[in-house]
There are 2 protein chains.
Amino acid sequence: MKDKTTRDHIVEAADQLFYQQGYEHTSFSDIAHSVQISRGNFYYHFKSKDEILDAVIHVRLANTQKMLERWEIEGEQPVDRIRSFIHILIANRAKIKRYGCPVGTLSTELAKLDHGSKDEANELFTLFRVWLRRQFKLLGRKADADKLAMHLLARSQGVATLANAFHDEKFIKQEVKQLDDWLNSCVENTV
Amino acid sequence: MKDKTTRDHIVEAADQLFYQQGYEHTSFSDIAHSVQISRGNFYYHFKSKDEILDAVIHVRLANTQKMLERWEIEGEQPVDRIRSFIHILIANRAKIKRYGCPVGTLSTELAKLDHGSKDEANELFTLFRVWLRRQFKLLGRKADADKLAMHLLARSQGVATLANAFHDEKFIKQEVKQLDDWLNSCVENTV
DNA sequence: GACAGACTAGGATGTTTGTCCTAATCTACG
DNA sequence: CGTAGATTAGGACAAACATCCTAGTCTGTC
């Protein structure tokens with residue numbers, strides 16, 4: 001467990017702020033203020049704002065990867081693992097209500113900015129997509145595994161977007177219940 | 001049919017640009033350039049950028065209202081009307097692929113900016129929600145009409161977000177087919 | 001054709017942005 | 001202790017931004 005360097009602190013603060021305020025709306029001053037560091041000193045660690053975004057995305061990718069591997073170990077059956085995915089909506093419901101889904105909102109923002117790192121941000125979606133696809137295949141849904149993965153991703157995104165817009169946590173629970181039912185019906189329909 | 005005033009042109013251009021580039025990322029110069037108007041002249045028509053956003057939102061609200069009323073007239077049965085809603089995903093698929101859903105992306109952005117007009121932007125969602133709820137009630141689903149309306153809204157949002165991230169129009173068609181099936185099953189389960 | 005009011009152009013203003021520079025301080029090692 | 005390299009602070013910089021100002025040009029009316 002190494003000590004956190006200043007660089008790590010910057011990335012961490014940027015990660016939070018990009019999520020809460022959006023990438024463009026977060027200024028260097030915001031990050032500097034949050035890390036309690038001089039604004040100019042910044043450029044010793046990062047050459048540009050884009051470079052910080054890159055670092056944030058890669059940290060998120062690494063963390064997501066780790067989370068998926070953990071679910072793979074903890075969940076005995078593929079169904080349990082997919083359920084882990086569904087239930088992050090519940091676990092993070094307070095933050096989702098306030099800021100939406102960290103993956104979806106960043107992806108949407110970078111698409112509008114036509115930002116150079118938008119493809120890397122979308123890799124976060126791909127990570128989930130590939131992982132879910134594998135779980136559905138293990139479930140015996142070889143033919144339509146990708147379709148199911150995309151369907152589940154889309155429904156999660158929609159839930160996050162509306163929960164954010166309507167500031168409604170109950171809606172998340174309501175929809176998660178339906179997703180659980182849907183998942184069970186996926187198992188029953190195994191070929 | 002009155003002539004379009006300069007003000008109308010500004011709102012129209014701002015509407016497009018806010019959709020394509022996002023609100024914050026669209027500058028006065030962008031809009032001025034698009035309308036072929038002097039930048040400074042702007043402030044004769046609008047006191048601030050926020051005021052333009054307000055105008056854009058109200059135009060969108062009015063247009064949405066009109067569209068919903070049209071669907072109400074054209075669709076004989078509630079099912080047909082709800083189907084009209086589902087199929088805007090198909091009709092607008094090219095733009096959705098490039099820029100996402102105009103309602104959802106604006107709502108998400110203003111939430112992050114914590115902008116004063118975010119509630120008004122969310123009224124767009126409410127417009128659809130109330131309208132869909134009414135249709136589901138007419139369908140005989142009195143008890144869970146709002147639940148169904150929210151569910152449908154969420155799924156549409158999710159489809160738009162992922163189609164945008166993955167630049168995938170085929171996914172839209174795939175999911176619309178599933179939504180059509182879902183809608184039919186709603187009719188069958190009428191109490 | 002003169003005059004008022006609606007409209008426009010283009011530059012000025014002050015602030016905020018990302019970026020860069022330099023001098024100072026810390027840290028580790030000989 | 002002394003010195004080199006890593007790290008920091010704080011201000012300088014130009015560009016971009018929303019906003020404001022003023023002088024000019026239309027347009028319709030008497």
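Lettering of chains follows the sequences in order, A, B, ..., and the numbering in each one begins at 1.
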Ion pair Lys118(A)/Asp114(A), N-O distance below 4.0 Å: yes
Flag side-chain contact, heavy atom, 4.5 Å: Phe136(B) against Arg133(B): no
Partners passing side chain to side chain donor-acceptor pair (under 3.5 Å) against Arg134(B) (at least two apart in sequence or in another chain): Glu72(B)
Heavy-atom side-chain proximity of Tyr23(A) to Val56(A) below 4.5 angstrom: no
is_close_aromatic(Phe46(B), Phe28(B)), centroid dist under 6.0 Å: no
cation_pi(Arg129(B), Phe166(A)) dist<6.0 Å, angle<=45: yes
Range on DNA chain D touched by chain A, heavy atoms, distance below 4.0 Å: dA6(D) to dA12(D)
Near-strand residues of residues 45-53 of chain A, defined as heavy-atom separation under 4.0 angstrom from DNA chain C: Lys47(A), Ser48(A), Lys49(A)
pair Leu61(B)-Leu124(B): side-chain heavy atoms closer than 4.5 Å: yes
Residue-phosphate contact under 4.0 Å: Tyr44(B) side-chain N/O, dT8(C) OP1/OP2: no
Residues that His167(A) engages under side-chain contact (heavy atoms from CB on, under 4.5 Å), provided they are two or more places apart: Lys97(A)
Phe42(B) CZ - dA6(C) P separation (whole Å): 20 Å
Can you name the atoms? Protein N/O to nucleotides 9-13 of chain C N/O, anything below 3.5 Å, with the distance.
residue : atom : partner  : partner atom : Å
dA9(C)  : OP2  : Ser38(B) : N            : 2.9
dG10(C) : N7   : Ser38(B) : OG           : 3.0
dA12(C) : N6   : Arg39(B) : NH2          : 3.4

Closest approach of Gln157(B) to Thr161(A) (non-hydrogen atoms, all atoms of both residues): OE1-CG2, 3.7 Å
Heavy-atom check, side chain of Leu110(A) versus side chain of Leu53(A), under 4.5 Å: yes
Residue among Phe85(B), Trp71(B), Phe125(B) satisfying ring pair (Phe, Tyr, Trp, His ring centres under 6.0 Å) with Trp131(B): Trp71(B)
DNA chain C contacts made by residues 20-31 of chain A, counting heavy atoms under 4.0 Å: Thr26(A), Ser27(A), Phe28(A)
Student check: side-chain heavy atoms of Tyr19(A) and Arg98(A) closer than 4.5 Å: no
Residue pair Glu169(B) / Ala94(B): nearest heavy atoms and the distance that separates them: OE2-CA, 3.7 Å
